[in-house]
Amino acid sequence: MGNEATTSIVWFRKGLRIHDNPALSEALIDAKNFGGGDESKKVLPLFILDPWFCNEKSVGANRMNFLLQSLTNLNENLGSLLSIENVNDANNCLTVVQGKPKDVLPNVIKKFNVSSVYFEKEQVEPFGKQRDEEIIEMCKKLNVDVNTYASHTLYDQEFLLSKASAKGIPPSTMGAFQKVLANVGEPPSPVPEPPKNSLRVIPNAGDALSKEFKYANGIPTLEDLGYKAKSLSFKGGKGGETEGLRRMRGALCRGGDGYKYVQEFDKPQSSPCQLFAKEKGSGKALNPFEMAKKASSSSSPKEESLLWPSTTALSPHLKFGTVSVRQFYFELQDILKNELKGKHTNPPTSLMGQILWREFYYVNACGTPNYDKMVGNRICKQIKWKHDPENLAKWENAQTGFPWIDAAMTQLKEEGWMHHLARHAVACFLTRGDLFISWEEGARVFDRDLVDADWALNNGNWMWLSASSFFYQYFRVYGPHSFAKKYDKEGAYVKHFLPVLKDMPSKYVYEPWTAPLEVQKKAGCIVGVDYPKPMVDHAIASKQCMAWMNEAYAAGKEKKSGGEEKSNKKAKTK
DNA sequence: TTAGAGTTGATTTT
DNA sequence: AAAATCAACTCTAA
């Protein structure tokens, strides 16, 4: 009995893909080598739905739906790797169990004589880091090998941090970060995709666990997870690696031959008001990587056409790892170098720049304790934000009375997505621009409702927009009725998400309270009755906020210079 | 110590 | 369309 073949677990959390997945690849390589090649180890691909996050209060329906779609697709794609003997298990190669990892894993380990566990390292998020530490400790006690890999970001974040400074202080500006990158060189290349016939699974593994844990014999539905049926209307396509790679390559080929979209991508110029729409020819062309692979790949004939906003909307795929950021990086790099020969926009505003921003926020999240809070956060300005649940609720529920802000918050609620600049506008409004409510409150709402909610990026961007860190020009305030005008003069975006304003003349659509009563009547939208009055006078509120920001900065400076004086004296006495 | 830079402001002037 | 002005932030590099 002691000599019988043992099992490896590949524990999926993010990284829901079979391409560039070092944990999966290494597990399969190791399984094949086991027993001198005669007898191969079995591999159990496992996903654990933790009730901690599997609820509507923590994760909105749009994101949970995207996750379930991603799991469904992961199951399919794992099926393509199955060994011949597992031909009947194609519908069930990913085991999905509901429970706490610290309860589920020891159980699985004992049941299936598991000798090793493989997973992608969580390097940043406190909850995941602690979870992993506990699991690693548990595995040690059970004498189970643990193999982890940094594959969610371009670089191993600990490595990047060690290269940033001797003390492990992350770079606080993009310029400094790019210098670090220039010194470390290219990120690791994607690992080769595992070959067909390389995965030997345990048939119906989940059934053996179904007594102790909730196991759906397949991928659960939203209803199974207790989600009340809600309109699911994320427009950026289905979850899963197949759709993710299609979208990535569609983005790289946007604008037809000549790679115009990639060539001219310039983030600040992209419109936050552009609705998701079909694009002529996009997603049809093949990029060079695809061309090379074409012989072996077969795409389904009935593919749904991709819908595009002004940006790529690839963020949910990068969040869940259904697209490897390294794969994206190298395919983009190939086009920039070989197709465009260096004639293109550049970081930080280019498409490559967007990948670098992601990495920038990750390294900062990794090197900053209490990164998701103001108190105890080394890089965060200490500001006396107002506690105002009523105003917070108005913002959250799209009742501010500023159509552009309310339309964006409606898009968030309904679709689970907003353009980056719309996020800027609503974040500025909530914090330093108008309401002076803490960025932590806003971050909580985004973290629940965004399909692409990513801990490192979300908290970092909220600090940026509230002028708490990274960005400090607090006197540059987005106008809640002026900013969107330069992108969308007619107010089509606002009218789409707030149909009550659909007949309001464009002249007044961003400031309906300025329309004469006759015009409001004619448009069927009386301000104060059919649509709220503006909750603040922006001119007054923003001036007040600036004064408070000024105070907060001055108080912080005093504290700091006090400390510096001391150390100066110390230096002098020396 | 200081000049210059910083992915994405608004408004007015040229 | 581009530049100047508003009032003036912090970080980096010299």
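Lettering of chains follows the sequences in order, A, B, ..., and the numbering in each one begins at 1. Predicted model, so just to flag it, every value in this text is computed and none were measured.
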Q: Compare the minimum distances between each of B:dT8, B:dG6, C:dT10 and the side chain of A:Q473, then state the nucleotide with the smallest one.
A: B:dG6

Q. Is it the case that A:K267 places NZ or CZ above or below the six-membered ring of A:W357, under 6.0 angstrom from the centre and within 45 degrees of the axis?
A. no

(Q) Whether A:S482 contacts B:dA10 is assessed here as follows: a side-chain N or O lying under 4.0 Å from the phosphate OP1 or OP2. Is that the case? (A) yes

(Q) Is the distance from the ring center of A:Y493 to that of A:W404 below 6.0 Å? (A) yes

Q: Identify whether any heavy atom of A:Q354 sits under 4.0 Å from a base atom; if not, whether one sits that close to sugar-phosphate; answer base, sugar-phosphate or nothing.
A: base

Q. Can you check side-chain hydrogen bond (donor to acceptor under 3.5 Å, both in side chains) on A:Q520 and A:Y508, steps first, answer last?
A. CA-CA 9 Å; A:Q520 294 183 31; A:Y508 302 111; over 6 Å; no

Q: Provide the distance between the two P atoms, one in C:dA1 and one in B:dT7, to the nearest whole Å.
A: 26 Å

Q.
What's the closest nucleotide to the side chain of A:H420 if the choices are B:dT7, C:dT10, C:dA8?
A. B:dT7

Q) Considering only the P atoms, how many Å lie between C:dA7 and B:dT2, rounded to the nearest integer? A) 24 Å

Q: Examine A:R247 relative to A:W308 and say whether NZ or CZ is less than 6.0 Å from the centre of the six-membered ring and inside a 45° cone about the ring axis.
A: yes

**Q.** Intra- and interstrand pairs of DNA chain C - dot-bracket, Watson-Crick/G-U under 3.5 Å, | marks other strand
**A.** ||||||..||||||

Q: Would you mind reading off the distance between A:F177 atom CZ and C:dC11 atom P, rounded to a whole angstrom?
A: 18 Å

Q) Does A:Y361 have its ring centroid less than 6.0 Å away from the ring centroid of A:Y371? A) no

Q: Rounded to the nearest angstrom, tell me the gap between atom CG in A:N346 and atom C1' in B:dT8.
A: 17 Å

Q: Using whole Å, report how far NZ of A:K486 lies from C1' of B:dA10.
A: 8 Å

Q | Whole-Å distance separating the CG atom of A:D434 from the P atom of B:dA10 | A | 12 Å

Q. From the list C:dT10, B:dA10, C:dC11, which nucleotide is the closest neighbour of the side chain of A:S172?
A. C:dC11

Q | Minimum-distance nucleotide to A:P348 side chain [options: B:dT8, C:dC9, B:dT7] | A | B:dT7

Q.
Please determine whether a side-chain nitrogen or oxygen atom of A:K179 lies at a distance below 4.0 Å from atom OP1 or OP2 of C:dA13.
A. yes

Q) A:N550 side chain: which of B:dT8, C:dA8, B:dA10 is closest? A) C:dA8

**Q.** Length of the CD1-P vector between A:I169 and C:dT12, whole Å
**A.** 11 Å

Q. Hey, is the main chain of A:M374 close enough, under 3.5 Å, to the side chain of A:Q382 for a donor-acceptor pair?
A. yes

Q. What nucleotide among B:dT7, C:dC9, C:dC11 has an atom nearest to a side-chain atom of A:Y474?
A. C:dC9

(Q) Counting the atoms with a prime plus P, OP1 and OP2 as sugar-phosphate, which does A:F483 contact under 4.0 Å by heavy atoms, base, sugar-phosphate, or nothing? (A) sugar-phosphate

Q. Using the C1' atom in both, what is the distance from B:dG4 to C:dA8, to the nearest Å?
A. 14 Å

Q. Choosing from C:dA8, B:dT7, B:dG9, which nucleotide comes nearest the side chain of A:Y478?
A. B:dG9

Q. How about A:Y478 and A:H538: are their ring centres within less than 6.0 Å of each other?
A. no

Q.
Going by centres under 5.5 angstrom and planes under 30 degrees, do the aromatic ring of A:W357 and the base ring of B:dT7 stack?
A. yes

Q) Distance check: side-chain N/O of A:K381 vs OP1/OP2 of C:dC9, anything under 4.0 Å? A) no

Q. Which comes earlier along DNA chain C counting from the 5' end, the contact point of A:A554 or that of A:R476, where each point is its nearest nucleotide?
A. A:R476

Q: Grab the CE-P distance between A:M463 and C:dC11 for me, whole Å please.
A: 14 Å

Q. Distance only, no hydrogens: is a donor on one side chain within 3.5 Å (strictly under) of an acceptor on the other, for A:N550 and A:Y474?
A. yes

Q. Touch check for A:G353, heavy atoms < 4.0 angstrom, all strands: base, sugar-phosphate only, or nothing?
A. nothing

Q | Rounded interatomic separation in angstrom, taking CZ from A:F475 and P from B:dG9 | A | 11 Å

Q. What is the nucleic acid contact for A:K485, judged by heavy atoms within less than 4.0 Å: base, sugar-phosphate only, or nothing?
A. nothing

Q) Looking only at side-chain N and O atoms, does A:T173 come under 4.0 Å of OP1 or OP2 in B:dA5? A) no

(Q) Can you tell me if A:K163 has over 12 outside heavy atoms packed within less than 6.0 Å of its NZ? (A) no

Q.
If I take atom CG in residue A:L421 and atom P in nucleotide B:dG9, what distance separates them, rounded to the nearest angstrom?
A. 9 Å

